[in-house]
Asks: 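Here it is: the structure, laid out below.
Keep in mind that the numbers below use all heavy atoms, side chains included, and drop hydrogens, waters and symmetry copies. Below, chains carry the letters A, B, ... as their sequence lines are ordered, and counting in each starts from 1. Fair warning: this is a prediction, and the values are worked out from it, not measured in the lab.
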Amino acid sequence: MPELPEVETLRRGLSGALEGRRIVEAELLKPKIYEGLPGYSLADIVGATITAARRRAKYLILDLSNGLSLVIHLSLAGQIVVICPNGKKVAGGHPVPSYGSELPHRQTSVILRFDDGSILYLTDIRQFAHLWLAPTTEVMSIVPHERLGVEILSPEFSEAELRERLRQRPKAKLKPLLLDQSILAGLGNIYVDESLWEAGIHPLRTAGSLTDQETRRLYHAIRSVIDLALRRGVAQIVNGRAVVGATLPRIHGREASLCPRCGQPIEKMRVVGRGTYICRSCQKPP
DNA sequence: AACTACTCCTGGAGGC
DNA sequence: TGCCTCCAGGAGTAGT
């Protein structure tokens with residue numbers, strides 16, 4: 001499930017591989033994914049050059065030289081693979097190559113071809129991903145900017161900021177609160193579990209029940225988990241299970257494994273319909 | 001405000 | 001082997 005570190009890692013890869021490249025062909029194999037504004041079609045991007053790869057929360061934004069931007073949300077299982085002419089591959093989103101090595105896959109939604117021979121495949125086995133095309137100046141109306149909370153990779157995400165946001169929703173349980181993109185932008189199911197485990201806080205605790213010290217621990221846990229994901233490779237989950245041997249996640253998807261900190265068994269529970277993994281010894285219930 | 005339920009969708013796992 | 005059911009989940013919306 002692509003979360004912020006996965007999207008950011010992909011963005012960096014696309015930035016290196018595609019900036020300055022001109023689109024020579026755009027193929028829409030699954031029209032359902034496309035939600036372009038009225039008056040625009042994917043054909044409008046042909047001939048334009050990619051000038052920048054940006055990101056807001058889990059939205060990936062490709063700016064084009066003709067004043068338009070492609071906005072992509074990979075949702076649950078979206079994957080982007082770029083095959084360069086020298087054989088180099090830039091891939092991200094849903095773990096690669098879990099769709100097999102054959103591209104296009106039958107769930108490939110979009111294929112973009114570039115002037116240097118590079119080919120971009122956007123594939124999504126769940127068909128939940130979204131693609132928009134809009135003038136660059138209107139991108140923030142597509143990305144629900146006003147409804148997105150603070151970027152967890154930005155300087156604005158401070159301990160004081162987290163404390164203030166928790167203070168505004170004192171009765172909310174931490175797991176759904178941290179999943180709420182209008183509070184913090186970028187965390188998803190995996191990294192919420194990882195952060196709460198790192199901080200030693202149970203997902204059903206309410207925001208208002210945290211002590212100052214726990215809030216500080218949670219803040220540093222979120223930062224360190226995201227930093228680790230960006231430095232050491234993103235979390236690898238396939239079909240809800242942690243990939244054997246992966247550095248991350250350390251607790252999510254590892255039911256019946258042992259807590260890396262205390263050695264007690266990791267337990268699975270359901271919180272707001274989401275598979276949630278905890279160590280009952282490190283994360284005391286409310 | 002806070003929560004639940006439902007929707008979109010496909011593929012993999014497990015039961016028999 | 002093969003058919004069936006269940007489950008995974010980001011985000012939006014509707015209802016309580």
Asks: For Lys171(A) and dT4(B), what is the distance between atoms NZ and P respectively, to the nearest whole Å?
Replies: 16 Å
Asks: Counting Watson-Crick and G-U wobble pairs with both distances under 3.5 Å, what is the dot-bracket string for DNA chain B, 5' to 3', using [ ] for crossing pairs and | for pairs to another strand?
Replies: .|||||||||||||||
Asks: Would you check if the side chain of Arg113(A) reaches a backbone N or O of Val24(A) as a donor-acceptor pair within less than 3.5 Å?
Replies: no
Asks: Surrounding NZ of Lys32(A) (heavy atoms of other residues, nucleotides or ligands, distance under 6.0 Å), is the total greater than 12?
Replies: yes
Asks: Under 4.0 angstrom, heavy atoms only, what part of the nucleic acid is Lys268(A) near: base, sugar-phosphate, or nothing?
Replies: sugar-phosphate
Asks: Grab the two heavy atoms, one from Ile142(A) and one from Ala134(A), that are nearest each other, plus how far apart they are.
Replies: CD1-CB, 3.4 Å
Asks: Could you check Lys58(A) against Gln181(A) for side-chain contact (heavy atoms from CB on, under 4.5 Å), going step by step and ending with a plain yes or no?
Replies: CA-CA 9 Å; Lys58(A) 301 173 198 169; Gln181(A) 300 299 299; 3.5 Å; yes
Asks: Taking side chain as C-beta onward, heavy atoms only, is Gln283(A) less than 4.5 Å from Leu196(A)?
Replies: yes
Asks: How is Gly275(A) classified with respect to the nucleic acid when contacts are heavy atoms under 4.0 Å: base, sugar-phosphate, or nothing?
Replies: sugar-phosphate
Asks: Looking at dA2(B), does its base get a donor-acceptor pair with the side chain of Arg169(A) below 3.5 Å?
Replies: no
Asks: Whole Å only: how far is the CD atom of Glu6(A) from the P atom of dG10(C)?
Replies: 11 Å
Asks: To the nearest Å, give me how far apart NE2 (His252(A)) and P (dA8(C)) are.
Replies: 9 Å
Asks: With Val82(A) as reference, evaluate Leu112(A), Leu122(A), Leu18(A) under the side chain to side chain contact (heavy atoms under 4.5 Å, CB included) test and give the passing residue.
Replies: Leu18(A)
Asks: Rounded to whole angstroms, how far apart are OH on Tyr59(A) and P on dA11(C)?
Replies: 6 Å
Asks: Rounding to a whole Å, what distance do you find between Lys173(A):NZ and dA1(B):P?
Replies: 16 Å
Asks: Do Arg223(A) and Tyr219(A) meet the criterion of a side-chain donor-acceptor pair at a distance under 3.5 Å?
Replies: yes
Asks: dA2(B), dT10(B), dG10(C): which one has an atom nearest the side-chain heavy atoms of His73(A)?
Replies: dG10(C)
Asks: Is the phosphate of dA11(C) approached by Lys58(A) (side-chain N or O, under 4.0 Å from OP1 or OP2)?
Replies: yes
Asks: Flag the pair Arg250(A) and Glu198(A) as a salt bridge only when some basic side-chain nitrogen lies within less than 4.0 angstrom of an acidic carboxylate oxygen.
Replies: yes
Asks: Return whichever of Pro170(A) or Arg274(A) has its heavy-atom-nearest nucleotide of DNA chain B closer to the 5' end.
Replies: Pro170(A)
Asks: Among the nucleotides dC3(B), dG9(C), dG11(B), which one has an atom lying closest to any side-chain atom of Pro176(A)?
Replies: dC3(B)
Asks: Check whether any side-chain N or O of Gln107(A) sits under 4.0 Å from OP1 or OP2 of dC9(B), and answer yes or no.
Replies: no
Asks: Between Gln127(A) and Val272(A), just flag the one whose closest nucleotide in DNA chain B comes earlier from the 5' side.
Replies: Val272(A)
Asks: How many Å lie between CZ on Arg126(A) and P on dG10(C), as a whole number?
Replies: 11 Å
Asks: Given atom CD1 of Ile33(A) and atom P of dT10(B), what is their separation to the nearest angstrom?
Replies: 13 Å
Asks: Find the distance Phe128(A):CZ to dT7(B):P and express it as a whole number of Å.
Replies: 12 Å
Asks: Output the single nucleotide from dG12(C), dG9(C), dA8(C) whose closest atom is nearest the side chain of Arg270(A).
Replies: dA8(C)
